[in-house]
Amino acid sequence: MSIRALRTLLSIHRHGSFRAAAEAENLTPSAVSLQMRTLEETWDLALFERSQRSPKLNETGLALVGEAEAVIAAYDSLADRVSPKDEISGELILGAVPTTLTGLVPLALSELKKRHPGIRVRIVPGLSNHLLSQIDRGQIHAAVISRPDMLSRSMRFARLAEEVLVLLVSQNTEDLPPAELLRSRPFIRFNRDAVVGRQIETWLQTNDILVHDTMELEGLEAISSMVAAELGISIVPQRCIRERGHLPLKTLALGDDSPSRVLGLASREDSPRTSLVSAAEAALLEAVSIGEFTITPPR
């Protein structure tokens with residue numbers, strides 16, 4: 001028996017098939033099948049009903065799922081339990097939406113490294129809903145995301161900061177009302193698969209503003225570069241971490257009804273890496289309080 005095989009068993013239970021579990025765990029279907037055969041042979045138990053084309057967990061397999069969850073949770077928290085009380089160590093797999101990868105997350109990780117040098121962090125970029133799905137599957141431990149419209153009861157969301165949405169234009173843009181600029185200039189749209197992108201679309205529709213799309217991008221850096229090149233204007237979050245920018249840009253307030261996005265750290269309520277997630281949350285909040293990310297040039 002191996003912890004990896006038990007994780008695969010849980011993935012089969014969550015996703016409903018060997019093939020879906022293989023995709024979620026980055027394995028081949030044959031590797032998943034081999035792991036499950038090995039489990040059955042090790043304990044001399046039949047865990048699956050194989051009369052159908054796609055094997056399904058039988059009663060014994062479902063009973064094992066509950067035990068496997070407890071075993072994996074104990075394994076994942078083993079280092080935390082034996083480490084000295086003031087020392088936190090281990091690997092944290094942290095997801096992050098793209099707009100936080102050049103300000104908030106680097107500054108927070110720098111603070112985390114100072115406080116807890118024994119924590120190793122692996123970053124997984126993605127959009128909010130996809131990252132939530134990865135947390136639920138156990139592929140990552142936590143994620144910095146925009147708060148979605150709905151959040152499962154099994155998820156914890158720790159608020160970090162609120163970022164108002166603003167109009168991003170080049171420095172040469174005339175000082176006209178935002179609505180007028182949006183109706184008359186090419187519009188660089190924020191990816192509508194993202195929470196922020198849907199917020200922007202809702203605001204535009206509510207204010208009866210028809211924009212002329214020229215492109216739809218995901219990364220804030222790419223959008224900023226396009227706007228600086230005077231290829232269009234955009235609506236973006238006013239990030240909670242200031243950066244020393246070199247692009248000729250300026251921001252304009254959208255008005256009293258300007259929407260905002262709430263950034264937070266999402267994790268499972270029953271996360272086995274509670275101490276690591278809590279340490280990351282504290283570092284992220286410290287980064288927000290610092291509010292500026294600067295790089296000291298080498299001497």
Side-chain angles (χ1 to χ4, degrees), residues 1-83 89-95 120-143 145 148-157 265-278 280:
M1 182 191 74
S2 69
I3 289 294
R4 182 63 187 271
L6 292 181
R7 292 189 194 277
T8 302
L9 178 70
L10 294 188
S11 189
I12 293 170
H13 176 60
R14 287 173 182 152
H15 301 293
S17 72
F18 280 27
R19 182 169 295 278
E23 292 179 359
E25 300 300 319
N26 295 316
L27 297 170
T28 63
S30 60
V32 170
S33 181
L34 177 60
Q35 286 185 14
M36 294 305 100
R37 285 286 187 190
T38 301
L39 276 183
E40 291 180 314
E41 291 171 2
T42 299
W43 290 322
D44 193 22
L45 293 172
L47 303 177
F48 296 89
E49 174 58 56
R50 289 187 167 85
S51 61
Q52 302 176 15
R53 182 175 180 181
S54 179
K56 299 293 182 184
L57 284 163
N58 58 23
E59 290 186 8
T60 303
L62 290 172
L64 180 59
V65 164
E67 298 298 325
E69 288 177 336
V71 170
I72 290 172
Y75 177 85
D76 286 342
S77 62
L78 185 60
D80 290 346
R81 295 201 305 272
V82 300
S83 295
S89 62
E91 182 183 49
L92 176 67
I93 306 176
L94 180 68
R120 305 178 308 279
V121 181
R122 179 152 59 94
I123 296 297
V124 177
L127 299 181
S128 295
N129 288 334
H130 182 58
L131 292 173
L132 282 172
S133 178
Q134 288 183 292
I135 294 172
D136 188 53
R137 294 172 182 171
Q139 295 172 316
I140 62 177
H141 302 129
I145 64 170
D149 297 330
M150 297 184 64
L151 197 65
S152 168
R153 291 184 178 180
S154 65
M155 290 287 176
R156 176 177 178 270
F157 183 85
L265 184 66
S267 61
R268 286 184 63 91
E269 287 282 5
D270 59 353
S271 172
R273 303 292 173 97
T274 301
S275 61
L276 298 180
V277 173
S278 297

(message) If you compare all heavy atoms of Ala46 against all heavy atoms of Thr60, which two are closest, and at what distance to 0.1 Å?
(response) O-CB, 3.7 Å
(request) Go through the steps for Leu57 and Leu9 under the test side-chain contact (heavy atoms from CB on, under 4.5 Å), then give the verdict. (result) CA-CA 9 Å; Leu57 284 163; Leu9 178 70; 3.7 Å; yes
(message) With a 4.5 Å cut-off on side-chain heavy atoms, are Glu59 and Leu62 touching?
(response) no
(request) Measure across Ser33 and Phe18 and return the closest heavy-atom pair with its distance rounded to 0.1 Å. (result) CA-CE2, 3.8 Å
(request) Test side-chain contact (heavy atoms from CB on, under 4.5 Å) on Thr8 and Met36 and set out the steps. (result) CA-CA 8 Å; Thr8 302; Met36 294 305 100; 4.0 Å; yes
(request) Output the distance between atom CZ (Arg4) and atom CG (Leu6), rounded to the nearest 0.5 Å. (result) 12.0 Å
(message) Checking side-chain contact (heavy atoms from CB on, under 4.5 Å) between Phe157 and each of Ile145, Leu132, Leu265, which is the one that passes?
(response) Ile145
(request) Could you tell me whether the side chain of Glu40 and the main chain of Leu47 form a donor-acceptor pair under 3.5 Å? (result) yes
(request) Please report the closest heavy-atom contact between Gln35 and Ala5, naming both atoms and the distance. (result) OE1-CA, 3.4 Å
(request) May I ask you to check whether over 12 heavy atoms, not counting those of His13, lie within 6.0 Å of atom NE2? (result) no
(message) To the closest 0.5 Å, what do you measure between CG (Leu92) and CD1 (Ile123)?
(response) 7.5 Å
(message) Please report the interatomic distance CE(Met150) to CG(Asn129), rounded to the nearest 0.5 Å.
(response) 11.0 Å
(request) Return the minimal non-hydrogen interatomic distance between Leu131 and Ala143, and the atom names on each side. (result) CB-CB, 3.9 Å
(request) For residues Ser154 and Glu269, determine if any side-chain heavy atom of one lies less than 4.5 Å from a side-chain heavy atom of the other. (result) no
(message) Please find the pair of heavy atoms, one from Ser89 and one from Leu276, that lie closest to each other, and give the distance.
(response) O-CD2, 3.6 Å
(message) On a heavy-atom basis, which atom in Lys56 and which in Gly16 lie closest, and how many Å separate them?
(response) NZ-O, 3.1 Å
(message) So, taking the atom named OG in Ser128 and the one named CG in Leu151, what distance separates them when rounded to the nearest 0.5 Å?
(response) 10.5 Å
(request) Please round to the nearest 0.5 Å and tell me the distance separating atom CG of Leu39 and atom CG of Leu45. (result) 9.5 Å
(message) A side-chain contact here means heavy atoms from C-beta on lying under 4.5 Å apart; do Ile140 and Leu94 qualify?
(response) no
(request) With rounding to the nearest 0.5 Å, note down the distance linking NE2 in His141 to OG1 in Thr274. (result) 11.0 Å
(message) Any non-hydrogen side-chain atom of Glu25 less than 4.5 Å from a side-chain atom of Val32?
(response) no
(message) Working note: Arg122 + Glu91, criterion salt bridge (charged side-chain N to carboxylate O under 4.0 Å, His left out); need CA distance, chi angles, decisive distance, verdict.
(response) CA-CA 7 Å; Arg122 179 152 59 94; Glu91 182 183 49; 3.5 Å; yes
(request) Taking Thr42 for its side chain and Thr38 for its backbone only, find out whether a donor-acceptor pair lies under 3.5 Å. (result) yes
(message) Any side-chain to backbone donor/acceptor pair from Ser271 onto Arg268? Under 3.5 Å, distance only.
(response) no
(request) Check whether more than 12 heavy atoms from other residues, nucleotides or ligands sit under 6.0 Å from atom CZ of Arg50, and answer yes or no. (result) yes
(message) Checking Val71 against Ile3 for the side-chain contact (heavy atoms from CB on, under 4.5 Å) test, could you report, in this order, the C-alpha distance in whole Å, the side-chain angles of both residues, the deciding distance, and whether it holds?
(response) CA-CA 8 Å; Val71 170; Ile3 289 294; 4.1 Å; yes
